[in-house]
Amino acid sequence: MRENPDDPQVLSDAILAWYDVHARDMPWRVPPQARRAGQTPDPYRIWLSEVMLQQTTVATVKSYFERFTARWPTVRDLAAAQDADVMAEWAGLGYYARARNLLKCARTVDQDYGGTFPADHAELLKLPGIGPYTAAAIASIAFDLRHTVLDGNVERVMARLHDIHVPLPASKPILMEKADALTPVDRPGDYAQAVMDLGATICTPKSPACGICPWRDPCAARAEGTAADLPKKTPKKAKPTRHGTVFLAQRADGAWLLETRPDKGLLGGMLGWPGSDWIDVSHPLPEAPPPCAAEWQLIDGEVRHTFTHFHLILHVFRAQVAIGTEPETGGFRDAAEFKPTDLPTVMRKAFDLAR
DNA sequence: AAAGCGTGGAG
DNA sequence: TCTCCAAGCTT
């Protein structure tokens with residue numbers, strides 16, 4: 001009797017065999033051969049990598065992951081860190097609520113779980129910054145529990161494998177159902193990583209490499225010639241352009257005037273330059289009260305930056321101020337204690353322009 | 001439950 | 001220059 005190519009077991013066996021050969025090397029990953037030899041992943045490193053990887057590429061995450069784990073080797077080390085140090089180390093990675101939740105989560109694991117991540121999907125889901133995807137990723141990858149990850153890769157792979165034309169995000173429940181049906185009881189952690197690796201390297205958004213795909217034969221979209229057009233997505237709306245002004249004051253001793261932004265909202269908890277609100281209307285020069293009296297000089301040019309949901313054009317003023325200047329907002333930070341890399345990217349761009 | 005939330009790289 | 005998008009979560 002012939003094997004049915006649509007048998008879930010046949011499909012998971014095929015992708016696991018592919019993963020045994022093609023698993024990508026990542027600093028947090030335990031390769032399949034090492035896992036078979038009995039090596040288990042460090043849940044702290046899996047958690048940290050998964051939070052960093054939310055909406056962020058592997059290439060970008062690697063260096064951040066190395067710096068974080070060198071500086072804070074365990075979750076208890078991280079729990080004991082200063083907030084400002086963690087935010088500064090996260091600077092440039094984006095989605096800064098992740099860093100605030102990372103600290104909250106580390107401190108909860110430290111205080112409520114004895115410094116050990118719970119090997120339980122429902123418990124993981126309660127922790128700050130851990131949603132459905134990350135809980136399933138930690139449960140499966142770190143603890144080899146049978147849970148199904150549904151990220152952008154898996155959505156794309158499932159939409160193609162089953163030739164599903166319902167647009168995202170409406171199709172998510174269907175895609176989850178398909179993904180769950182393929183998740184094996186044996187090696188669920190390797191399986192989760194295998195599907196994501198497949199999506200990242202073969203079943204890519206544009207021009208997928210169907211010819212070398214381990215699921216080439218059972219793939220419905222490949223048979224229909226629709227692979228490159230899937231998954232369908234509901235159109236997103238256009239980004240407006242906002243304008244704003246920032247003020248870079250440097251004291252005679254070299255100290256810079258900076259402020260820590262409020263925890264809520266855009267760039268929450270991050271260091272930044274004092275400035276105006278960012279508004280949709282273009283002023284000739286957006287009016288904003290400077291943080292202190294000085295000979296403010298408008299820098300030629302402007303900072304252009306695009307956030308998730310709007311474009312920003314930032315005008316930059318600079319001034320030298322005297323020792324003893326009392327700012328209306330923020331505080332002076334000694335030059336020795338300030339690195340531009342502590343800033344979120346848009347603020348670093350303003351610094352670069354003013355230099 | 002739709003919207004808010006960053007950034008850099010690829011095409 | 002512009003669009004897409006990358007191992008999503010929170011409110």
Side-chain angles (χ1 to χ4, degrees), chain A residues 23-24 26-29 45-65 87 90-102 104-105 124-142 147-157 168-170 172 176 179 189 191-201 203-207 228-229 231-242 261-270 272 278 303-312 341 343-349:
Chain A
R24 292 199 288 169
M26 299 176 196
W28 49 85
R29 173 171 284 177
R45 292 165 65 89
I46 297 303
W47 162 72
L48 179 61
S49 67
E50 288 300 342
V51 173
M52 287 182 165
L53 285 163
Q54 290 167 8
Q55 300 289 281
T56 310
T57 58
V58 170
T60 299
V61 163
K62 277 183 179 168
S63 65
Y64 282 86
F65 179 84
M87 299 313 286
W90 198 275
L93 198 52
Y95 285 134
Y96 297 101
R98 291 185 295 171
R100 302 194 300 274
N101 286 328
L102 190 81
K104 280 187 205 163
C105 183
L124 290 165
L125 200 49
K126 293 179 188 168
L127 294 167
I130 297 182
Y133 164 77
T134 306
I138 298 171
S140 62
I141 298 172
H147 289 276
T148 302
V149 295
L150 187 67
D151 74 327
N153 290 304
V154 181
E155 288 169 356
R156 185 171 57 256
V157 171
L168 284 166
K172 280 195 182 201
M176 177 54 117
Y191 172 80
Q193 295 173 93
V195 185
M196 294 191 283
D197 272 19
L198 185 77
T201 61
C203 196
T204 52
K206 303 160 196 174
S207 53
D229 302 322
K232 301 286 189 188
K233 297 195 175 183
T234 55
K236 51 198 71 170
K237 54 181 194 180
K239 300 181 201 299
T241 298
R242 297 180 184 168
R261 300 171 62 87
D263 273 351
K264 298 286 180 187
L266 193 67
L267 309 180
M270 297 300 290
W278 300 342
V303 169
R304 289 177 174 270
H305 190 78
T306 298
F307 293 101
T308 308
H309 55 295
F310 66 93
H311 303 289
L312 177 67
T341 54
L343 296 169
T345 299
V346 65
M347 297 294 173
R348 187 180 48 70
K349 284 184 181 177

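Below, read A as the first sequence line, B as the second, and so on, with proteins coming before strands; counting in each chain starts at 1. Computed from a predicted structure; not experimentally measured.
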### Task
Please report the shortest heavy-atom distance between A:A192 and A:S140, naming the atom on each side.
CB-OG, 3.8 Å

#### Entry: side-chain N/O A:Y96 vs B:dT7 OP1/OP2, d < 4.0 Å
yes

### Ion pair check, A:R156 and A:D151, cut-off under 4.0 Å
no

### Message
Between A:T345 and B:dG8, is there a contact of a side-chain N or O with OP1 or OP2 at under 4.0 Å?
### Response
yes

### Query
Which residue, A:N101 or A:R156, contacts DNA chain C at a nucleotide closer to its 5' end, judged by nearest heavy atom?
A:R156

### Query
For B:dT7, does OP1 or OP2 lie under 4.0 Å from any side-chain N or O of A:H305?
yes

### Message
Which is more 5' along DNA chain C, the nucleotide nearest A:G129 or the one nearest A:T57? Just name the residue.
### Response
A:T57

### Query
Any side-chain N or O of A:Q55 under 4.0 Å from OP1/OP2 of C:dA6?
no

### Message
Output the rounded distance in Å from NZ (A:K236) to P (C:dG8).
### Response
13 Å

### Query
Given the P atoms of B:dA2 and C:dA7, what is the spacing between them in whole Å?
24 Å

#### Entry: A:H309 side chain near B:dG4 phosphate (N/O to OP1/OP2, under 4.0 Å)
no

### Query
Between A:Q193 (CD) and C:dA7 (P), how many Å, whole number?
14 Å

### Query
Separation of A:K233 atom NZ from C:dG8 atom P, in whole Å?
10 Å

### Summary
Out of B:dC5, B:dG11, C:dA7, minimum distance to the side chain of A:K206 belongs to B:dG11

### Message
Over all strands shown, is A:T306 touching base, sugar-phosphate only, or nothing at heavy-atom distances under 4.0 angstrom?
### Response
base

### Task
Would you mind reading off the distance between A:N153 atom CG and C:dG8 atom P, rounded to a whole angstrom?
7 Å

### Message
Under the rule for salt bridge (charged side-chain N to carboxylate O under 4.0 Å, His left out), what residues qualify as partners of A:K62, not counting sequence neighbours?
### Response
none

### Query
Ring centroid separation for A:W278 and A:F307, is it under 6.0 angstrom?
yes

### Message
Using the P atom as the point on both nucleotides, what is the distance between C:dT11 and B:dG6, in whole Å?
### Response
14 Å

### Query
Is A:M26 touching bases, backbone alone, or none of the nucleic acid, heavy atoms closer than 4.0 Å?
base

### Message
I'd like to know if the side chain of A:E50 pairs up with that of A:Y133 as donor and acceptor (distance under 3.5 Å, no hydrogens or angles considered).
### Response
yes

### Summary
Considering only heavy side-chain atoms of A:L266, the closest of B:dT7, B:dG6, C:dC5 is B:dG6

### Query
How is A:L93 classified with respect to the nucleic acid when contacts are heavy atoms under 4.0 Å: base, sugar-phosphate, or nothing?
base

### Message
Side chain of A:K237 only, heavy atoms from C-beta on: which candidate in B:dA3, B:dT7, C:dA7 is closest?
### Response
B:dA3

### Query
Is a donor-acceptor pair below 3.5 Å formed from side chain A:T308 to base B:dG6, judging by atom type as modelled?
yes

### Query
Between A:L198 (CG) and C:dA6 (P), how many Å, whole number?
13 Å

#### Entry: Over all atoms of both residues, closest heavy-atom pair of A:K349 and A:R304
NZ-O, 3.1 Å

### Query
Where the side chain of A:K264 is defined as all heavy atoms beyond and including C-beta, which of C:dA7, C:dT11, B:dT7 is the nearest nucleotide?
C:dT11

### Message
Please pick, from C:dC5, B:dG6, C:dA7, the nucleotide with the shortest atom-to-atom distance to any side-chain atom of A:V58.
### Response
C:dA7

### Message
Please report the distance, rounded to the nearest Å, between NE2 in A:H311 and C1' in C:dT3.
### Response
10 Å

### Task
Could you give the distance separating B:dC5 and C:dA6 at their P atoms, to the nearest angstrom?
22 Å

### Query
Across the strands shown, which category fits A:G268 at heavy-atom distances under 4.0 angstrom: base, sugar-phosphate, nothing?
nothing

### d(NZ, A:K126; P, C:dC9) in whole Å
17 Å

### Query
How long is the line joining CD of A:Q54 and C1' of C:dC5, in whole Å?
16 Å

Only pairs under 3.5 Å count here: list side-chain donor-acceptor contacts from residues 261-269 of chain A, not counting sequence neighbours, and write none if there are none.
unit_1: A:R261; atom_1: NE; unit_2: A:L266; atom_2: O; d: 3.4
unit_1: A:R261; atom_1: NH2; unit_2: A:L266; atom_2: O; d: 3.3

### Query
For C:dA7, does either OP1 or OP2 sit under 4.0 Å from a side-chain N or O belonging to A:S49?
no

### Message
For a quick test of reading the model: is some side-chain N or O of A:R348 closer than 4.0 Å to OP1 or OP2 of B:dG8?
### Response
yes

